[in-house]
Amino acid sequence: MQDRTHAADAEPGDDVTVAGWVHELRDLGGIAFLILRDSSGKIQIKFEKDEMDEALVETGLGVARESVVSVSGRVEEEPRAPTDVEVVPESVEVIAPADPELPLDPSGKVDAELSTRLDNRTLDLRKEEVQAIFEVRAEILRAARERFRAVGCTEITTPKIVATGTEGGTELFPITYFGREAFMNQSPQLFKQLIAGSNVERVFEIGPIFRAEEHNTPRHLNEATSIDFEGAFCDDGDAMDVAEEVVRAAYEGVAENCADQLESLGLAEEFSVPEASFPRLTYEETIERINATGALEEPLVWGDDLPTEGEKALGEEIGSHYFITDWPSEIKPFYIKDHDDDPEVSTGFDLMHPRMELVSGGQREHRYDHLVEGFEQQGLDPEQFEYYTEMFRYGMPPHAGFGLGGERLIMTILGLENIREAVLFPRDRQRLSP
RNA sequence: GCCCGGGUGGUGUAGUGGCCCAUCAUACGACCCUGUCACGGUCGUGACGCGGGUUCAAAUCCCGCCUCGGGCGCCA
């Protein structure tokens with residue numbers, strides 16, 4: 001195995017051993033071709049029946065598609081071959097035969113539905129364009145991490161098994177923890193605040209969140225990847241700056257390091273990094289502009305949540321990322337700080353992509369008394385959250401942060417139709433395996 | 001949580017009461033073919049989600065169940 005050469009590295013004149021999957025067999029009679037595929041690409045193996053050992057030809061042409069084979073032979077320059085080189089085999093070994101009837105077609109001649117693809121993810125990932133999504137995903141996460149580090153953040157990980165939720169009990173997955181009631185965490189919100197209040201000051205986390213909502217849409221998952229930021233001595237404007245930087249860094253990373261993947265996905269032409277400075281609209285301006293589109297039957301009034309239809313209409317009009325700031329306090333969570341000069345208006349903000357909401361954030365309520373009051377107003381028992389509120393008594397600086405939906409970022413960057421495409425093994429309303 | 005629309009060979013589809021012991025593509029099996037690159041050609045195998053009902057007749061209409069997808073709400 002050590003001497004294995006990847007398809008893309010085979011140079012004319014080399015004696016090599018290539019190993020991978022049988023992508024296709026084309027038997028033309030006297031001559032036949034086996035297309036071998038590995039992570040680097042494809043290479044053609046040539047079989048000339050009259051001139052080669054009969055057993056060798058039989059083995060090479062007798063394998064089923066997607067079987068794993070190892071081929072040793074001489075690489076020759078050949079302009080008629082798809083990659084301008086082909087291997088003339090001296091030996092062929094079938095390492096792992098595949099059943100002849102495949103549950104989906106990795107060569108892509110026949111489409112498969114998403115559900116079939118997810119049931120057979122290993123085979124699905126043998127398709128170049130599917131592999132490309134996950135290579136881009138890795139790059140997006142790398143670029144985001146690097147940018148967080150560049151703006152002075154420390155990466156943290158926080159518990160996913162918790163005693164209480166962030167905003168109440170309704171949308172949490174309950175579990176049993178050594179006989180005690182516990183939950184899968186819906187957000188690292190409270191924990192990252194606790195760390196921002198330490199000397200660490202600026203933190204980020206990229207990790208799973210769990211939501212027990214029974215929605216069934218192409219943009220929701222029950223297990224998602226949250227990209228979170230929290231910074232001490234930051235206000236909502238600072239947090240928006242960081243959100244914008246991280247989102248743009250993700251696009252830049254893809255533009256710089258994923259040319260091949262964009263090509264595979266058919267996006268090479270149209271892909272572009274968004275213009276600097278996402279517009280910042282206040283909530284009030286937003287509802288006015290949505291009303292002006294005429295997309296809604298009933299015009300929005302102050303205090304309304306933004307319906308999907310209105311978001312879409314405005315997204316189309318703006319055509320780029322934009323922030324919505326200064327939300328009514330009553331439709332934002334209690335831990336979001338209100339403006340000092342107007343308690344009806346909060347520091348909460350959302351970052352929107354024309355297709356959907358990407359980020360939610362704001363400056364946090366850091367004053368102990370106000371925070372406890374907020375819990376009570378939401379009908380939550382502050383005592384249950386003592387592990388959190390207590391720390392606000394020992395020097396909690398003003399701080400702000402946000403949560404960015406990782407899969408939503410990926411799907412909007414790549415224009416994926418369904419968020420499940422952006423996760424290897426998605427968890428949704430009905431899918432629990434694989 | 002509310003609402004809507006689907007489930008036909010391995011895969012993806014056509015078929016809205018008799019024209020259907022079901023179309024096409026691909027896959028699979030057999031044979032032919034010395035430059036394919038979605039190779040081509042000939043022949044063949046293979047399916048109406050499950051249960052009940054209506055009808056002379058059901059893939060097609062009705063009911064229940066299972067299952068998949070979508071819209072809204074909510075959210076990342």
Side-chain angles (χ1 to χ4, degrees), chain A residues 23-35 42-52 57 64-66 76 78-84 86 98-120 123-124 166-168 170-171 186-189 206-228 243 247 304-312 331-333 350-353 355-361 402-412 417-420 422-423 428-431:
Chain A
H23 185 69
E24 220 157 352
L25 277 166
R26 299 198 190 101
D27 190 342
L28 277 64
I31 193 168
F33 304 102
L34 183 159
I35 314 298
K42 299 184 197 110
I43 191 163
Q44 175 163 288
I45 320 294
K46 174 177 71 173
F47 293 90
E48 281 184 296
K49 294 178 189 173
D50 291 345
E51 295 166 33
M52 285 183 179
V57 171
R65 289 156 76 232
E66 297 305 318
E76 290 188 351
E78 175 51 73
R80 289 172 293 184
T83 59
D84 293 327
E86 64 189 9
D99 281 356
E101 291 225 318
L102 301 167
L104 63 78
D105 172 22
S107 75
K109 273 179 262 187
V110 181
D111 285 342
E113 287 191 354
L114 186 56
S115 167
T116 306
R117 294 174 45 205
L118 294 174
D119 284 340
N120 302 280
L123 267 60
D124 186 45
T166 309
E167 294 152 56
T170 57
E171 49 185 53
Q186 65 172 173
S187 159
Q189 178 64 32
I206 299 178
I209 55 169
F210 305 90
R211 308 250 163 128
E213 290 288 340
E214 296 196 39
H215 35 217
N216 191 206
T217 82
R219 61 184 184 283
H220 288 94
L221 292 165
N222 293 293
E223 177 176 351
T225 307
S226 187
I227 300 173
D228 271 271
V247 168
D304 284 345
D305 227 320
L306 305 185
T308 307
E309 211 179 340
E311 281 179 1
K312 279 184 185 158
I331 54 173
K332 281 288 170 187
D350 285 359
L351 172 59
M352 308 294 297
H353 177 274
R355 289 176 65 195
M356 72 191 79
E357 182 180 339
L358 233 42
V359 169
S360 187
F402 63 80
L404 161 61
E407 282 78 18
R408 287 191 175 184
L409 180 63
I410 295 160
M411 82 183 283
T412 52
E417 288 299 319
N418 193 311
I419 198 164
R420 296 165 180 89
V423 195
D428 61 34
R429 176 73 188 84
Q430 36 267 330
R431 183 170 292 274

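Note on naming: letters A, B, ... go to the chains in the order of the sequence lines (proteins, then strands), and numbering restarts at 1 for each one. Only a predicted model underlies this, so the values are computations on that prediction, with no experimental measurement involved.
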Original post:
Sequence neighbours excluded, which residues qualify as ring-ring contact (aromatic ring centres under 6.0 Å, His included) partners of A:His353?
Top reply: A:His321

**OP:** Considering only atom P, compute the distance from B:rU8 to B:rU67 and round it to an integer number of Å.
**Re:** 16 Å

Original post:
A:Ile419 has a side chain; which of B:rA76, B:rU34, B:rG10 sits nearest to it?
Top reply: B:rA76

Original post:
Where the side chain of A:Thr217 is defined as all heavy atoms beyond and including C-beta, which of B:rG29, B:rG73, B:rG35 is the nearest nucleotide?
Top reply: B:rG73

Original post:
What integer number of Å spans the C1' atoms of B:rU45 and B:rU11?
Top reply: 16 Å

Subject >> Residue A:Arg211, side-chain heavy atoms: nucleotide from B:rG69, B:rC75, B:rG29 that is nearest >> reply: B:rC75

Original post:
A:Phe47: what forms a ring-ring contact (aromatic ring centres under 6.0 Å, His included) with it, not counting sequence neighbours?
Top reply: none

Original post:
Would one find a side-chain N or O of A:Arg219 under 4.0 angstrom from OP1 or OP2 of B:rC72?
Top reply: yes

**OP:** Check salt bridge (Lys or Arg N to Asp or Glu O under 4.0 Å) between A:Glu66 and all other residues, then give those that pass, not counting sequence neighbours.
**Re:** A:Arg37, A:Arg126

Original post:
Partners of A:Asp124 by salt bridge (Lys or Arg N to Asp or Glu O under 4.0 Å), sequence neighbours excluded?
Top reply: A:Arg117, A:Arg121, A:Lys127

**OP:** Examine B:rU36: is either OP1 or OP2 under 4.0 Å from a nitrogen or oxygen in the side chain of A:Lys42? Give yes or no.
**Re:** no

Subject >> Nearest-angstrom distance, C1' atom, B:rG18 to B:rU55 >> reply: 12 Å

Subject >> B:rG1 phosphate, OP1 or OP2, under 4.0 Å from A:Asn216 side-chain N/O >> reply: no

**OP:** Walk me through it: do A:Lys42 and A:Thr83 pass the test side chain to side chain contact (heavy atoms under 4.5 Å, CB included)?
**Re:** CA-CA 8 Å; A:Lys42 299 184 197 110; A:Thr83 59; 5.5 Å; no

Original post:
From the list B:rG12, B:rU36, B:rU34, which nucleotide is the closest neighbour of the side chain of A:Glu48?
Top reply: B:rU34

Original post:
Can you check whether A:Arg420 has a side-chain N or O nearer than 4.0 Å to OP1 or OP2 of B:rC68?
Top reply: no

Subject >> All salt bridge (Lys or Arg N to Asp or Glu O under 4.0 Å) counterparts of A:Lys49, not counting sequence neighbours >> reply: A:Asp27

Original post:
Quantified in whole Å, what is the P atom distance between nucleotide B:rC62 and nucleotide B:rG5?
Top reply: 11 Å

**OP:** For B:rC66, take OP1 and OP2 only and decide whether either is under 4.0 Å from a side-chain N or O of A:Gln430.
**Re:** no

**OP:** Check whether any side-chain N or O of A:Glu48 sits under 3.5 Å from a backbone N or O of A:Asp50 as a donor-acceptor pair, and report yes or no.
**Re:** no

**OP:** Could you work out which one of B:rU34, B:rC74, B:rG35 sits closest to the side chain of A:Glu51?
**Re:** B:rU34

Original post:
Can any side-chain N or O of A:Glu311 pair as donor or acceptor with the backbone N or O of A:Met356 at less than 3.5 Å?
Top reply: no

Subject >> A:Glu113 side-chain proximity, nearest of B:rU36, B:rG12, B:rA76 >> reply: B:rG12

So which protein N/O to nucleotides 4-7 of chain B N/O distances come out below 3.5 Å?
none

Original post:
A:Glu76: what forms a salt bridge (Lys or Arg N to Asp or Glu O under 4.0 Å) with it, not counting sequence neighbours?
Top reply: none

Original post:
Of the nucleotides B:rU13, B:rU26, B:rG73, which has the atom closest to the A:His220 side chain?
Top reply: B:rG73

Original post:
Hey, is the side chain of A:Thr308 poking within less than 4.0 Å of OP1 or OP2 on B:rC74, counting only N and O atoms?
Top reply: no

Original post:
Quick one: does A:Arg211's side chain have a donor or acceptor within less than 3.5 Å of a partner on A:Glu171's backbone?
Top reply: no

Original post:
OP1, OP2 of B:rA76 versus side-chain N and O of A:Ser226: anything below 4.0 Å?
Top reply: no

**OP:** Sugar-phosphate means primed atoms, P, OP1 and OP2; the rest is base. With that split, encode nucleotides 39-46 of chain B 5' to 3' as B, S or - using protein heavy atoms under 4.0 Å.
**Re:** B-------

Original post:
From the list B:rU34, B:rG12, B:rC74, which nucleotide is the closest neighbour of the side chain of A:Ala112?
Top reply: B:rG12

**OP:** Examine B:rG12: is either OP1 or OP2 under 4.0 Å from a nitrogen or oxygen in the side chain of A:Thr116? Give yes or no.
**Re:** yes

**OP:** From the options B:rU36, B:rA27, B:rG73, select the nucleotide whose nearest atom is closest to the side chain of A:Pro307.
**Re:** B:rG73

Original post:
Quick one: which of B:rG73, B:rC28, B:rG35 gets closest to the side chain of A:Arg65?
Top reply: B:rC28

**OP:** Using the C1' atom as the reference point in each nucleotide, state the distance between B:rA25 and B:rC68 in Å, no decimals.
**Re:** 23 Å

Subject >> For A:Asn418, side chain to side chain donor-acceptor pair (under 3.5 Å) partners two or more places apart >> reply: A:Arg420

